[in-house]
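Structure first, commentary second.
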2 protein chains.
Amino acid sequence: MTNPSERARMPSIRDVARLAGVSHQTVSRVLNDHPSIRPETKARVLDAIQVLDYRPNVAARALATSRSSTLGILSSTTGEFGPTSSIAGIEDAARAAGYAVSTLNIPDTTPEAIGAAVRQLVREHVDGIVVLAPQVRVFSVLRGMAVAVPFVSLQTASGSDGVTLSADQVAGARMITEYLIRLGHTDILHVAGPQDWIEAESRMRGYLDALRDADLPTFPPIRGDWTADFGYFAGQELARRRDFTAVFAANDVMAIGLMHGFRDAGLRVPADVSVVGFDDVPVAAHVAPPLTTVHQDFPELGRRAVQILLAQIRGEERPAFGPVAPVLCGRESAASR
Amino acid sequence: MTNPSERARMPSIRDVARLAGVSHQTVSRVLNDHPSIRPETKARVLDAIQVLDYRPNVAARALATSRSSTLGILSSTTGEFGPTSSIAGIEDAARAAGYAVSTLNIPDTTPEAIGAAVRQLVREHVDGIVVLAPQVRVFSVLRGMAVAVPFVSLQTASGSDGVTLSADQVAGARMITEYLIRLGHTDILHVAGPQDWIEAESRMRGYLDALRDADLPTFPPIRGDWTADFGYFAGQELARRRDFTAVFAANDVMAIGLMHGFRDAGLRVPADVSVVGFDDVPVAAHVAPPLTTVHQDFPELGRRAVQILLAQIRGEERPAFGPVAPVLCGRESAASR
DNA sequence: TTGTACGCGTTATCAG
DNA sequence: CTGATAACGCGTACAA
């Protein structure tokens with residue numbers, strides 16, 4: 001290489017050493033606050049660092065330690081509200097802990113795509129990976145491929161088996177279903193999320209549990225795809241049946257579409273049918289009628305995922321978190337019968 | 001370092017060289033497809049690479065070249081639909097071009113925070129930065145600090161002066177305002193975005209231009225903050241005034257809040273007042289009434305930003321793109337007078 | 001407590 | 001066309 005004429009070389013650890021009158025090794029020790037350094041030496045070094053505005057070279061450090069101070073995010077979601085919010089939490093927490101964040105989106109969740117993505121992240125030497133791939137199969141693929149890097153799977157399962165973590169979606173779904181029951185509804189439908197999303201399964205489970213505990217009839221859930229468009233068509237279809245008085249949609253966006261479908265079919269919400277959603281997206285309180293839903297603290301989930309991952313990386317004990325409590329937001333879209 | 005007992009060392013360029021019976025240097029040449037390599041030598045090397053499943057070590061490469069094959073995203077947005085969509089486009093395009101993506105969010109846009117963020121990204125040796133900080137001052141700060149790395153600023157200005165790029169928001173805003181005018185409205189209000197967002201300014205500009213060209217009265221715009229909650233309160237306030245028949249909100253989310261505010265104040269949309277938004281968020285077509293708005297291809301914007309940035313990095317000429325055309329989505333929330 | 005020597009995996013330079 | 005050899009900037013082992 002040897003490029004003397006290049007712009008301005010960044011100061012290296014040796015420049016600092018020279019200025020401080022020590023060896024570059026001592027500087028290194030100061031940097032990684034090694035225990036045995038004489039305070040005055042340390043002061044001199046820190047001073048030199050100040051003067052030169054020296055910053056360690058991350059690439060060199062990564063090469064020497066084969067660690068990168070970078071966390072990877074492997075995501076297979078496409079703008080859904082929950083995952084997007086969690087990603088923001090992940091990024092902030094990681095940055096706060098001194099880690100860079102490298103994001104990788106995969107369009108499909110075939111084992112090949114997942115494998116390639118993980119390998120890519122490993123190649124980038126990320127120290128850990130947060131997986132935001134709520135699809136069931138992603139999880140199993142990950143399990144199977146013995147990833148060489150610590151990883152945490154977010155919102156991938158309702159139980160936590162050491163590497164997963166999630167809001168208690170089952171509890172949230174149960175809570176809102178019970179809310180409908182308290183309002184006097186006895187025939188409650190569920191528009192679920194895609195079959196391979198664990199979150200969809202968890203929300204359905206909460207729904208089923210609540211109905212079972214109340215000795216109410218259950219209906220086969222309608223399988224949706226999280227989109228408002230699907231909700232709309234489902235609403236038009238369902239309007240023909242009149243064997244229910246309330247619908248719990250697995251997310252707000254479908255719920256909003258559902259209400260639209262009902263409206264177009266001549267059904268009034270909540271007079272003829274109550275509708276509730278899940279997530280509490282920002283517009284939920286402002287649609288007509290305002291949507292009853294469950295609020296979840298997705299960013300917090302992301303932050304916790306980072307804490308767990310860092311503990312894993314550092315070989316510490318996994319921090320114990322209480323559940324991320326879902327909060328019921330009762331609004332006009334659900335009325336008593 | 002010297003860690004012989006560590007798990008399994010990844011194969012290095014020398015392992016490949018040994019297996020292929022050449023020097024590691026030759027392997028390097030093959031990797032970077034250097035022109036002068038005898039085909040049969042190259043074949044042998046590629047073969048060895050296959051066998052060993054060898055992958056170049058990115059950290060070593062970054063150290064040697066002081067380039068990282070990483071693009072940075074500097075974002076100061078908080079979940080707004082447009083920027084979030086663009087980020088997805090950026091990530092995908094960057095990955096497709098063989099670049100990793102490092103995201104950095106800043107909560108506030110003080111010059112210090114921006115400076116710190118850019119320095120952080122520079123420390124990470126990113127080869128280029130896409131800035132998604134739609135606030136005016138971010139742009140000026142960036143201009144002032146002579147960033148040592150190529151950067152492209154997305155959605156930061158309506159004109160493009162070589163380092164910026166944006167959808168033609170002025171045209172989109174003008175288009176939807178003219179649509180209202182064609183519907184017979186003559187008194188049209190505008191609920192704008194925050195004053196320091198260039199996009200807010202552009203949309204307002206389009207609105208003002210359309211009114212001016214039609215010789216219609218303009219009203220001082222109401223300054224919003226992009227949120228549905230603001231829209232709601234604005235709607236309640238505006239309902240007292242009855243000197244207008246249509247409102248153009250600078251984004252869909254505010255428009256949805258606005259409709260809610262009108263509704264609560266006893267105004268019917270669109271019978272009493274027409275409302276239009278901007279962005280075409282996924283639920284826009286499903287709220288009540290369905291929202292007339294302008295669709296923008298935000299992911300495409302992100303992809304283009306990457307193309308421009310890469311050209312800059314490679315010292316190529318800046319690719320010329322046509323405008324990202326806004327598309328009007330006429331729906332029930334706006335009716336003829 | 002501090003310094004020396006070396007290795008990490010790759011690219012660049014300059015011979016041959 | 002190919003191969004030595006020297007960087008790149010930092011951390012670790014070992015000696016002092």
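Just so we're on the same page: letters track the sequence lines, and every chain starts at 1.
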Sorted by chain and number, sequence neighbours left out, side chain to side chain contact (heavy atoms under 4.5 Å, CB included) with A:A116 holds for A:R119

Closest of D:dC8, D:dG11, C:dT10 to the B:L63 side chain is D:dC8

When rounded to whole Å, the CG to C1' distance for the pair B:D15 and C:dC8 reads 13 Å

Residues passing the side chain to side chain contact (heavy atoms under 4.5 Å, CB included) test with B:A100, sequence neighbours excluded, are A:S102, A:E124, B:T70, B:R95

Short N/O separations, protein against nucleotides 1-5 of chain D, under 3.5 angstrom:
| from | atom 1 | to | atom 2 | distance (Å) |
| --- | --- | --- | --- | --- |
| D:dT2 | OP1 | B:T41 | OG1 | 2.4 |
| D:dT2 | OP2 | B:R38 | N | 2.9 |
| D:dG3 | OP2 | B:S23 | N | 3.2 |
| D:dG3 | OP2 | B:S23 | OG | 3.4 |
| D:dG3 | OP2 | B:T26 | OG1 | 2.4 |
| D:dG3 | N7 | B:R29 | NH1 | 3.2 |
| D:dG3 | O6 | B:R29 | NH2 | 2.3 |
| D:dA4 | N6 | B:Q25 | NE2 | 3.3 |

query: Would you say A:S28 reaches D:dG11's phosphate, i.e. side-chain N/O to OP1/OP2 under 4.0 Å?
result: yes

Contacts satisfying side-chain hydrogen bond (donor to acceptor under 3.5 Å, both in side chains) that involve residues 106-115 of chain B (not counting sequence neighbours) are B:D108-B:T110, B:T109-B:R137

Which of A:V45, A:L19, A:T41, A:D15 passes side chain to side chain contact (heavy atoms under 4.5 Å, CB included) with A:V27? It is A:V45

Taken to the nearest whole Å, CD1/A:I13 to C1'/C:dG3 is 13 Å

note: A:L52, atom CG; D:dG9, atom P; distance rounded to Å ~ 13 Å

Regarding the side chain of A:N32, the nearest nucleotide among D:dC10, D:dG11, C:dG9 is D:dG11

Residue set satisfying side chain to side chain contact (heavy atoms under 4.5 Å, CB included) with A:P319, at least two apart, ordered chain then number -> A:Q307, A:I308, A:A311, A:F321

Whole-Å distance, B:R61 CZ to C:dC8 P, equals 18 Å

In whole angstroms, the gap separating C1' of D:dG11 from CG of A:D33 amounts to 14 Å

Side chain to side chain contact (heavy atoms under 4.5 Å, CB included) filter on B:S28, not counting sequence neighbours, yields B:I13, B:Q25, B:N32

Separation of D:dC8 atom C1' from B:R67 atom CZ, nearest Å, is 13 Å

